[in-house]
A.B. asks: 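Submitted below is the structure of interest, expressed as structure tokens.
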Amino acid sequence: MGALLQIGDVASETGLTVDTIRFYERERLLPRAARSNGGFRLFSQSDVADLEFIRNAQELGFSLQEIRDLLNLKNARPRDCGEVEMLLEHKIASVRTKISALRKLERELSRARMRCRANLRGRNGKVEACPALSDISQGKGKKRL
């Protein structure tokens with residue numbers, strides 16, 4: 001077994017904050033760290049690898065529960081690629097749904113901007129209420145991502 005690292009060293013090595021590492025431990029994404037005689041958390045290289053896995057998975061948009069599932073699959077023997085593929089298919093579907101919602105939101109925002117531009121061009125210096133602000137006030141175009 002390699003040398004055990006204190007949490008500050010692990011934070012430096014992984015680019016995570018100490019608070020984030022503690023959070024992952026509380027959320028049981030990491031096993032409870034061993035403790036030194038002085039009560040300091042001690043982490044193995046395996047823990048560091050898991051933390052890097054967690055960070056990378058979060059950057060890919062996986063939720064904590066999804067990461068927990070992926071870690072369980074990663075640590076299982078034998079590793080079941082079928083279950084991983086299923087998780088990835090669900091994630092891809094979720095991403096596609098979000099992309100669709102974002103495209104719709106982009107269209108709505110573009111329409112609102114065009115209404116502002118038309119309002120500015122057609123008023124010849126006369127100040128009138130912005131139609132986009134009126135739409136927002138009335139809740140028009142309210143969408144959920």
A.B. asks: In terms of hydrophobic clustering (I, L, V, M, F, W, Y; side-chain heavy atoms under 4.5 Å; direct or indirect links), are Met86 and Val95 co-clustered?
C.D. replies: no
A.B. asks: Could you give the distance from CG (Leu70) to OG (Ser63), rounded to the nearest 0.5 Å?
C.D. replies: 9.0 Å
A.B. asks: To the closest 0.5 Å, what do you measure between CG (Asp80) and CG (Asn72)?
C.D. replies: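 These two atoms lie 12.5 Å from each other.
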A.B. asks: Is any side-chain heavy atom of Arg68 less than 4.5 Å from a side-chain heavy atom of Phe62?
C.D. replies: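 Answer no - side chains too far apart.
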A.B. asks: Mind checking whether Leu60 and Leu88 sit in one hydrophobic cluster, side chains of I, L, V, M, F, W, Y counted as touching below 4.5 Å?
C.D. replies: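 Same cluster: Leu60 reaches Leu88 through Ile, Leu, Val, Met, Phe, Trp or Tyr contacts under 4.5 Å.
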A.B. asks: Heavy atoms only: give me the nearest Ala11-Leu16 pair and the separation to one decimal.
C.D. replies: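 Closest approach of Ala11 to Leu16, heavy atoms only: CB-O, 3.1 Å.
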A.B. asks: If you draw a 6.0 Å radius around CZ in Arg28, do more than 12 non-hydrogen atoms from other residues or ligands fall strictly inside?
C.D. replies: no
A.B. asks: Establish, from distance only, whether the side-chain atoms of Gln65 and Asp69 form a donor-acceptor pair under 3.5 Å.
C.D. replies: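 Indeed, the side chains of Gln65 and Asp69 share at least one donor-acceptor pair under 3.5 Å.
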A.B. asks: Can a donor-acceptor pair be found, under 3.5 Å and without considering hydrogens, that links the side chain of Glu25 to the backbone of Ala33?
C.D. replies: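 Yes: the side chain of Glu25 pairs with the backbone of Ala33.
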A.B. asks: Go through Asp50 and Tyr24 one step at a time and tell me if the side-chain contact (heavy atoms from CB on, under 4.5 Å) criterion holds.
C.D. replies: CA-CA 10 Å; Asp50 282 347; Tyr24 290 155; over 6 Å; no
A.B. asks: Begin from the C-alpha positions of Arg103 and Ile99 and carry the test side-chain contact (heavy atoms from CB on, under 4.5 Å) through to its verdict.
C.D. replies: CA-CA 6 Å; Arg103 284 186 178 135; Ile99 288 170; 3.5 Å; yes
A.B. asks: Please tell me whether Val18 and Ile54 are part of a single hydrophobic cluster in this structure, the criterion being side-chain heavy atoms less than 4.5 Å apart.
C.D. replies: yes
A.B. asks: If only atom types and distance count, is the side chain of Asp9 paired as donor or acceptor with the main-chain N or O of Leu5 below 3.5 Å?
C.D. replies: no
A.B. asks: Working to the nearest 0.5 Å, report the span between CD of Glu85 and CG of Leu73.
C.D. replies: 12.5 Å
A.B. asks: Between Glu13 and Val10, does a side-chain contact (heavy atoms from CB on, under 4.5 Å) hold up when you go through it step by step?
C.D. replies: CA-CA 5 Å; Glu13 191 170 325; Val10 173; 5.6 Å; no
A.B. asks: So do Arg77 and Arg79 actually touch side chain to side chain, heavy atoms under 4.5 Å?
C.D. replies: yes
A.B. asks: Could you check whether any side-chain heavy atom of Ile7 comes within less than 4.5 Å of a side-chain heavy atom of Phe43, counting everything from C-beta outward?
C.D. replies: yes
A.B. asks: Between CG of Leu29 and CZ of Phe53, what distance do you get to the nearest 0.5 Å?
C.D. replies: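 These two atoms lie 10.5 Å from each other.
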A.B. asks: Are any of the side-chain heavy atoms of Glu59 and Arg55 separated by less than 4.5 Å?
C.D. replies: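 In short, these two side chains touch, coming nearer than 4.5 Å.
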A.B. asks: Take Thr17 and Arg22, measure what side-chain contact (heavy atoms from CB on, under 4.5 Å) needs, and give me the verdict at the end.
C.D. replies: CA-CA 9 Å; Thr17 66; Arg22 288 182 184 134; over 6 Å; no
A.B. asks: Roughly how far, to the nearest 0.5 Å, is the OG atom of Ser46 from the CG atom of Leu51?
C.D. replies: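 Answer rounded to 0.5 Å: 9.5 Å.
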A.B. asks: Would you mind reporting whether Lys74 and Val84 have side-chain heavy atoms less than 4.5 Å apart?
C.D. replies: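 Val84 vs Lys74: side chains apart.
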A.B. asks: Could you give the distance from CZ (Arg117) to CE (Met114), rounded to the nearest 0.5 Å?
C.D. replies: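 If we round to the nearest 0.5 Å, Arg117:CZ and Met114:CE are 9.0 Å apart.
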A.B. asks: Taking the side chain from Ser94 and the backbone from His90, do they hold a donor-acceptor pair closer than 3.5 Å?
C.D. replies: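 It does not hold such a pair.
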A.B. asks: I want to check something: taking the side chain as every heavy atom from C-beta on, are Leu42 and Asp47 in contact at a cut-off of under 4.5 Å?
C.D. replies: no
A.B. asks: Indicate yes or no for a side-chain donor-acceptor contact from Asn56 to the backbone of Glu52 under 3.5 Å, with no hydrogens or angles considered.
C.D. replies: yes
A.B. asks: Using a cut-off of 6.0 Å, state whether more than 12 heavy atoms not belonging to Arg35 lie near its atom CZ.
C.D. replies: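 Enclosed: over 12 neighbouring heavy atoms sit under 6.0 Å from CZ of Arg35.
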A.B. asks: Going only through I, L, V, M, F, W and Y residues with side-chain contacts under 4.5 Å, is there a path from Leu30 to Leu4?
C.D. replies: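 The answer is no; the residues belong to distinct hydrophobic clusters.
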